[in-house]
Amino acid sequence: GAGVSQSPSNKVTEKGKDVELRCDPISGHTALYWYRQSLGQGLEFLIYFQGNSAPDKSGLPSDRFSAERTGGSVSTLTIQRTQQEDSAVYLCASIEGTSGSYNEQFFGPGTRLTVL
Amino acid sequence: AQKVTQAQTEISVVEKEDVTLDCVYETRDTTYYLFWYKQPPSGELVFLIRRNSFDEQNEISGRYSWNFQKSTSSFNFTITASQVVDSAVYFCALSEAGRGGADGLTFGKGTHLIIQP
């Protein structure tokens, strides 16, 4: 079956612009995660959705970052007024079931964001 | 707070050699889960294995084996008779059960494994 998909695969933007990254989880997966992978920081957890709700947004790097999930499926990560330090690969993962601590996370191919 | 350390940034070996990737973790939870993921040049993270904190049995899957030792807080990964296709970045990760997965995975910095023909 289809895996986790993300779009766009690559995004180049100018500093100060807003960007929107999209994640389509595996059908039926109730929980969804966003991570960021950068050379300096490695893989960092950003936010977790159980259904449409995100109980804790403290992992988001700044208030320029926001995320939402609608219909228990597609999620979007929005970065406002992008900065060069936002350049990274943004990864999305989904899990079957509700226990993200135990279940295998299925990762998408990522969106490579470059802020000029 | 939880932490995962992969001290080996890069390892290069010749094909058919055995290689061990080290992983040391820190957590205050008594129930936790440890994972290894592989990230090939294509970029997509691929799940390899999961262990829970109550199961210290070593695991073998083909050429891959994992050694989990709570006494040293380590979860090391060995590839025997390495092959060029094993070249990738390997990540060790930790998840604490207490928050039900709400904190995501805590990853180590990864070890870049290069298998030379």
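Letters A, B, ... are given to chains in the order of the sequence lines, protein chains preceding strands, and every chain is numbered from 1. Just the heavy atoms: all of them, side chains too, but no hydrogens, waters or symmetry mates, feed the values below.
- Residue B/Y32 is tested with B/F75, B/F54, B/Y25 for a ring pair (Phe, Tyr, Trp, His ring centres under 6.0 Å); the sole match is B/Y25.
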(request) Check the pair B/D29, B/T27 against side chain to side chain donor-acceptor pair (under 3.5 Å), reporting the backbone distance first and the verdict last. (result) CA-CA 6 Å; B/D29 264 22; B/T27 177; 5.0 Å; no

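- The residues A/E104 and B/R50 are annotated as not salt-bridged, no charged nitrogen and carboxylate oxygen being separated by less than 4.0 angstrom.
- The interface of residues 106-117 of chain B with chain A, defined by heavy-atom distances below 4.5 Å, comprises B/F107, B/K109.
- Every residue two or more places apart in sequence or in another chain that forms a salt bridge (Lys or Arg N to Asp or Glu O under 4.0 Å) with A/R36 is listed here: A/E44.
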(request) Step by step, work out the side chain to side chain donor-acceptor pair (under 3.5 Å) result for A/T114 and A/S87. (result) CA-CA 5 Å; A/T114 304; A/S87 295; 5.4 Å; no

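- Results of the ring pair (Phe, Tyr, Trp, His ring centres under 6.0 Å) test with A/Y35 over A/Y48, A/F107, A/Y90 single out A/F107 as the only residue that passes.
- Heavy-atom distances place no part of B/Q6 under 4.5 Å from chain A, backbone and side chain included.
- B/F77 has its side chain within reach of B/L48: a pair of non-hydrogen atoms, C-beta onward, lies under 4.5 Å apart.
- Interface remark: A/L46 contributes no atoms to any contact with chain B (heavy atom separation under 4.5 Å).
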